[in-house]
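Convention: sequence-line order gives letters A, B, ...; per-chain numbering from 1.
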Amino acid sequence: MPPRTRFAPSPTGYLHIGSVRTALYAWLYARRHGGEYILRIEDTDRERSTQEAVDAILNGLDWLGLDADEGPIYQTQRFGRYREVLDRLLEQDKAYRCYCTREEIDAMRAAAMDKGEKPRYDGRCRSGDRVRGDVEPVVRFKNPLSGEVVLDDLVKGRIVFDNAELDDLIIARSDGTPTYNFTVVVDDADMRITHVIRGDDHVNNTPRQINMFRALGVEPPAYAHLPMIHGPDGAKLSKRHGAVNVLEYRAMGFLPQALLNYLLRLGWSHGDQEIFTLEEMQRLFDLDKVSRSAASFDPMKLLWVNQQHIQAAPEEQLVGLLRGQLEAQGVDPASGPPLELTVEALRERSQTILEMAEQAHCYYEEYEELDEKSAKAHLRPVAREVLVDLREAFGALDDWSESATQQVVERVAEGRGVKLGKVAQPLRVALTGRAASPGIGVTLVLVGKARTLERIDRALRYVDSRGQ
RNA sequence: GCUCCCUUCGUCUAGCGGUCUAGGACGCCGCCCUCUCAAGGCGGAAACACGAGUUCGAGUCUCGUAGGGAGCGCCA
């Protein structure tokens, strides 16, 4: 039977980087085994769920290419169904109304803590004889009082829970709306989910959910609980550690396949392989290689993975991304060399598309000012005659190709009896405003003849002004 | 406090009783290449949390200790 997995975020904020890994694993597992992956929006908390959050989640998943076979399914659309199941449970005496007030519950918890026990509901309404009219009751699930629940987790192995440790959890609020632990069971059952892949902050909920499946007469799915992702300092991953919102990674110029690759490797391995194509991820992923311990998010390695993918990405993808990034920065991509050229020149020296765009600026518009350190080091009075030679030779050059321009630079160096670096570096600073760029021939092509001449003049003015 | 989980270089990890003087990757350091920056190549420093036990033999199995994490909501 092909597996059916699901990703079930609650729309109370942006799409978190940790959630994305969960989604990725669920998606990959379905793809790997020829199954289906379903997206379900868990919006039963109407106080906190927002449309903006739903959009952010949808946009994020769309950007990453984690396409769902079914959904998005909204839980708020299924209230009728939950009501139906709830009534059935009530009729079958597998759930009951609880008339305890919040004050009573609080006192109960405090007392349990005092006795050194786990704070839990003591089941005082379980027998159904505390009915009263002045309190809108909640509905609680009748958890078995004894015995144990065995969870054979696909990543953590066997975990045994004692039913005596579990209390009767609320499955419907006093306003009648269902709660998470109930809707998740009804949905996973109705949607015939075979593998629940989720964060391991849910392990402690699992035994109660399994009990509910049994109460419903449905075989529980298999579970795979993924360890958490921590920040570089080992603490819970938060904004302090950089972006946790996936959409920010798009803005920062990360490739979706790179982010996926990094997240995939954070907690899963395939021998020594670090870089995976989308195709390889789908072919190679499986739950048995998922690590059991929490991992720390390392932004430096993400950068490296992104760079690897930039080097491997199809040119069209990079051109599209660079165009978008330049436009976002107010630079007109049409006012310089073809983007293909720029991409090929910069892809090996860019860790992000944002970085690539910053390096590309000077090929599309005048650079603001010379980098001070670079100018001081290379635009010295001794460079003057070299720049003059270059100005003259370039002015007479018609074949503005990489090889032809490169030859001009070499000839000037020979003519003056200096090393290539003594010519290329001042020229590079003149052309780009800084001391680092692609090879000098490529840089000349990117800048173009007209701008080259202008910028050499500009550099000469700088040298002169400096000499005084 | 109670329940559950986790523990190999700083970080991600390989390791599924002998092949481990513990391998790879990021980062770091050095060298090479070189017109700069990258990329690439070569080399280096860097780890089995601790203690018992099982076994001829333990990073690998068991138990304890320590440390870390999660959960204990009319949140999901």
*To the nearest Å, how far apart are A/Asn306 CG and B/A39 P?*
13 Å

_Could you tell me how far B/C72 sits from B/A14 if I compare only their C1' atoms? Round to whole Å._
37 Å

*asked:* Taking the six-membered ring of A/Tyr121 as reference, does the cationic atom of A/Arg140 (NZ for Lys, CZ for Arg) lie under 6.0 Å from its centre and within 45° of its axis?
replied: yes

*Starting from the 5' end of RNA chain B, give me the residue, A/Tyr262 or A/Thr12, whose nearest nucleotide shows up first.*
A/Tyr262

*Among B/A25, B/A76, B/C72, the one nearest A/Lys301 by side-chain distance*: B/A25

_Under 3.5 Å side-chain donor-acceptor pair for A/Tyr364 and A/Thr342_ = yes

*asked:* Distance check, C1' atoms only: B/U13 and B/C32, in whole angstrom units.
replied: 29 Å

*Could you please name the partner base of B/A70, counting Watson-Crick and G-U wobble pairs only when both distances are under 3.5 Å?*
B/U3

*asked:* With a cut-off of less than 4.0 Å, is there a side-chain N or O of A/Ser296 near OP1 or OP2 of B/G10?
replied: no

*Could you note down all residue pairs passing side chain to side chain donor-acceptor pair (under 3.5 Å) where residues 296-312 of chain A supplies at least one of them, sequence neighbours left out?*
A/Asn261-A/His309, A/Glu274-A/Lys301

*Would you tell me if any nitrogen or oxygen in the side chain of A/Ser269 comes within less than 4.0 Å of OP1 or OP2 on B/A14?*
yes

*Quick one: which of B/C6, B/G40, B/U13 gets closest to the side chain of A/Gln308?*
B/G40

*Has the side chain of A/Glu274 got a donor or acceptor that lies under 3.5 Å from a partner of the other kind on the base of B/G24?*
yes

*Integer angstrom distance from the C1' of B/U60 to that of B/A22*: 12 Å

*Does any residue of residues 45-54 of chain A have a heavy atom under 4.0 Å from RNA chain B, and if so, which ones, in number order?*
A/Asp45, A/Arg48

*asked:* Has A/Arg391 got a side-chain atom pairing as donor or acceptor with A/Phe394's backbone, closer than 3.5 angstrom?
replied: no

_Protein-nucleotide distance (A/Leu39, atom CG; B/A76, atom C1'), rounded to Å_ = 15 Å

*Sticking with atom P, work out how far B/U62 lies from B/U55, rounded to a whole angstrom.*
16 Å

_Does the protein touch nucleotides 60-71 of chain B at the base, only the backbone, or not at all? Give it as B, S and - per nucleotide, heavy atoms under 4.0 Å._
---------SBB

*Could you please name the partner base of B/G30, counting Watson-Crick and G-U wobble pairs only when both distances are under 3.5 Å?*
B/C42

*Value in whole Å for how far the P atom of B/C16 lies from NZ of A/Lys289*: 9 Å

_Tell me which pairs pass salt bridge (Lys or Arg N to Asp or Glu O under 4.0 Å) where either residue lies in residues 16-25 of chain A, with sequence neighbours left out._
none

*Which of these nucleotides, B/A39, B/C72, B/G27, is closest to any side-chain atom of A/Pro119?*
B/C72

*Should B/U62 form a Watson-Crick or G-U wobble pair with both distances under 3.5 Å, which nucleotide is its partner?*
B/A52

*Distance only, no hydrogens: is a donor on one side chain within 3.5 Å (strictly under) of an acceptor on the other, for A/Asp187 and A/Tyr82?*
yes

_Integer angstrom distance from the C1' of B/C5 to that of B/G41_ = 44 Å

_Checking base pairs now: Watson-Crick or wobble, both atom distances under 3.5 Å. What partners B/C20?_
none

*Below 6.0 angstrom between ring centroids: does that apply to A/Tyr25 and A/Trp268?*
no

Please list, one pair per line, the donor and acceptor atoms closer than 3.5 Å that link side chains of residues 408-419 of chain A to other protein atoms, with sequence neighbours excluded.
residue  : atom : partner  : partner atom : Å
A/Glu410 : OE2  : A/Gln406 : NE2          : 3.1
A/Arg416 : NE   : A/Asp389 : OD2          : 2.7
A/Arg416 : NH2  : A/Asp389 : OD1          : 3.2
A/Arg416 : NH2  : A/Asp389 : OD2          : 3.4

Are there any protein N/O atoms within less than 3.5 Å of an N/O atom in nucleotides 33-37 of chain B, and if so, which ones and at what distance?
residue : atom : partner  : partner atom : Å
B/C35   : O2   : A/Arg428 : NH1          : 2.9
B/C35   : O2   : A/Arg428 : NH2          : 2.9
B/C35   : N3   : A/Ile440 : N            : 3.2
B/U36   : O4'  : A/Gln425 : OE1          : 2.9
B/U36   : O4'  : A/Gln425 : NE2          : 3.4
B/U36   : O2'  : A/Ala435 : O            : 2.6
B/U36   : N1   : A/Arg428 : NH1          : 3.3
B/U36   : O2   : A/Arg428 : NE           : 3.3
B/U36   : O2   : A/Ser437 : N            : 2.8
B/U36   : O2   : A/Ser437 : O            : 2.9
B/U36   : N3   : A/Arg428 : NH2          : 3.2
B/U36   : N3   : A/Ser437 : O            : 2.5
B/U36   : O4   : A/Gly439 : N            : 3.3
B/C37   : O2   : A/Arg349 : NH1          : 2.6
B/C37   : N3   : A/Arg349 : NH1          : 2.4

_Which is more 5' along RNA chain B, the nucleotide nearest A/Ala295 or the one nearest A/Gln307? Just name the residue._
A/Ala295

*A/Tyr262 and A/Phe297 aromatic centres sub-6.0 Å*: yes

